[in-house]
There are 2 protein chains.
Amino acid sequence: MRYSIDHKSPIPLHAQAETLLRQLIAEEEYQNGKIMPNEIELAKMLAISRSTLRQAINKLVFEGLLVRKKRMGTKVAQAGVSSKSNNWLSFSQEMKLRGITIRNFELHVTWAMPNAEVTRFFEIKPDKQVLKMERVRGKTDEPFVYFASYFHPRVGLTGDEDFKRPLYELLEHEHSVIATLSKEEISAMAADKFIADKLRVPIGSPILFRKRFVFDQGERPIEFNIGYYKADSFVYTVESTR
Amino acid sequence: MRYSIDHKSPIPLHAQAETLLRQLIAEEEYQNGKIMPNEIELAKMLAISRSTLRQAINKLVFEGLLVRKKRMGTKVAQAGVSSKSNNWLSFSQEMKLRGITIRNFELHVTWAMPNAEVTRFFEIKPDKQVLKMERVRGKTDEPFVYFASYFHPRVGLTGDEDFKRPLYELLEHEHSVIATLSKEEISAMAADKFIADKLRVPIGSPILFRKRFVFDQGERPIEFNIGYYKADSFVYTVESTR
DNA sequence: ATAGTTAATATGTATGTACATAATCACTTT
DNA sequence: AAAGTGATTATGTACATACATATTAACTAT
């Protein structure tokens, strides 16, 4: 048999089944609409229980990769979903695209105690110091964003790197860390004293607040970034399809 | 007991459990991080088996509403109100998912002259009237967003439709218009008199401003939507990979 | 005090069983 | 031929049970 499951492996059976199913899904015949082996048979083939197999199938159904229909069986969803291939650009690249030349008004790199959010995201102890980079950037005549980045110890930054280089290039080339996934949260808020000061605006001014959780290929956290943008200086664009 | 399950109902027990869980999630104490009753107890309380209950929990975990940790229990995921760019859901569906009941504070449908941005997007003559829908929505006790939507004449809306229904369902079922692509722009701004009034906030308050350009399958424009969200009431989340 | 050990707890994994339900196919009746 | 009827099939629902595992909290020994 081509696909099989290792009952002695520490990897849960349903997880193994899931990967096998993904391989099946990738096959051309199933892509073309062939119905997959039914649950009872498949369970027998893999020598796992139907319930366990269903755990795996369920996940893929949730993800939208498979569709099930009573009596009709299970097959690969015909959709061609995807919404991604979003722009993955560094800040300076993004700005360049808009014809804006960026200047660093401030650039500090320090070792700092992480706050609760950072420790939770990095899954480290609260007393473990992390590298923190702060910068204020903007057009030549006015600053319009304050950034703070925290880097996971795993990345291996010393603080002596040249942070004027594009960040993701630096991580990739000097530290073999490849950022592949980012989760962002965007909201609005009023400027407090600290931010008002950095961005040279009155306290209470509207600010676009952006949090970024950046992961590497293994979905391990590598960077936590927060950005405070002066209103009207920044527009966040997204494209999504269904 | 406040929550209970009807074993004789034709609705599957796990589905009933799911709605109950959503109600629980909506409760303030759980929003604030209180751990939910453990599976065994909860199953006993609802008089269903643990497996059935887990079916319901699994779904919510997958949706990202709950997080589970061994030994530590299950609690509501901290994120606030959010919008996932991938899932294509209507506003009310999104809110429902989070157990928030949405109230329409205002709902006006009128024929209006399009502004420059709308005529450009729709590629219509400036004197061609378009259907405009305005609404103020929010939690039962406070409004937190003002929306204005413009619909392309091609869609064929008359203005007599029931706009309390989920919008994309309405378009799809009654007018065979399927929204498949949306381009969004998100930025921050200060509330002007009009918005301050609608959202019951002081003039100058920070507002999250969101423009949406919605297209159908043929990439033809069908809706232009702008939304003004009270700060802190809305977090926009995006996931991107490369 | 500190380190190491152990118990308690809530979720995680896995199986076996039973019956329900939707959709189709084959068959029978009109 | 059309309509109805029943068998078949694969998924859907539901339960009871058992043991594994991660994590904290309490305890114990150094």
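In this text the structure is predicted, and so the values were computed from the model without any measurement. Naming: A, B, ... by sequence-line order, numbering from 1 per chain.
B/Met36 places its CE atom 10 Å from the P atom of C/dT11, with the value rounded to the nearest Å. When the P atom of D/dT24 is taken as reference, atom CG of B/Asn38 falls 17 Å away, rounded to whole Å. Rounded to whole angstrom, the span from the NZ atom of B/Lys8 across to the C1' atom of C/dA20 amounts to 18 Å. Here the C1' atom of nucleotide C/dC19 and the CD atom of A/Glu39 are 15 Å apart, to the nearest Å. Rounding to whole angstrom units, CG of residue B/Asn58 and C1' of D/dG12 are separated by 16 Å. Per the geometry, CD1 belonging to B/Ile5 stands 14 Å off C1' belonging to D/dC15, to the nearest Å. Separating the NZ atom of A/Lys34 from the P atom of D/dA10 is a distance of 14 Å, rounded to the nearest angstrom. Distance B/Ile35 CD1 to C/dT11 P: 9 Å, rounded to the nearest Å.
Listed pair B/Arg50 / D/dA16 fails the phosphate criterion, with no side-chain N or O lying under 4.0 Å from OP1 or OP2. The side chain of A/Thr52 contributes an N or O atom lying less than 4.0 Å from OP1 or OP2 of C/dT15. Remark: B/Arg68 is in phosphate contact with C/dG12, judged by side-chain N or O atoms under 4.0 Å from OP1 or OP2. An OP1 or OP2 oxygen of D/dT8 is reached within less than 4.0 angstrom by no side-chain nitrogen or oxygen of A/Arg71. Residue B/Thr74 places at least one side-chain N or O under 4.0 Å from the OP1 or OP2 atom of C/dT11.
Checking C/dT15, C/dA14, D/dA14 against the side-chain heavy atoms of B/His14 singles out D/dA14 as nearest. Taking every side-chain heavy atom of B/Ile40 into account, C/dT11 is the closest of D/dG12, C/dT11, D/dA14.
Residues A/His7 and B/Met72 each lie close to DNA chain C; by heavy-atom proximity, the contact nearer the 5' end of the strand is made by B/Met72. Projected onto DNA chain C by closest heavy-atom contact, A/Ser49 and A/Lys69 fall at different nucleotides, the more 5' of which corresponds to A/Ser49.
Residue contacts for B/Ile48: at a heavy-atom cut-off of 4.0 Å it reaches the sugar-phosphate backbone alone, with no base atom in range.
Each of A/Tyr229, A/Phe194, A/Phe209 was evaluated against A/Tyr146; a single residue qualifies, A/Phe194, per the ring-ring contact (aromatic ring centres under 6.0 Å, His included) test. Partner of B/Ser149 under the side-chain contact (heavy atoms from CB on, under 4.5 Å) criterion, out of B/Arg212, B/Met133, B/Arg135: B/Met133 alone.
Contact check for B/Arg154 versus B/Ile222: side-chain heavy atoms found under the 4.5 Å cut-off.
A side-chain donor-acceptor contact under 3.5 Å links A/Arg68 and A/Asn58.
The pair B/Glu142-B/Lys230 meets the salt-bridge criterion, with a side-chain N (NZ, NE, NH1 or NH2) lying under 4.0 Å from an Asp/Glu carboxylate O.
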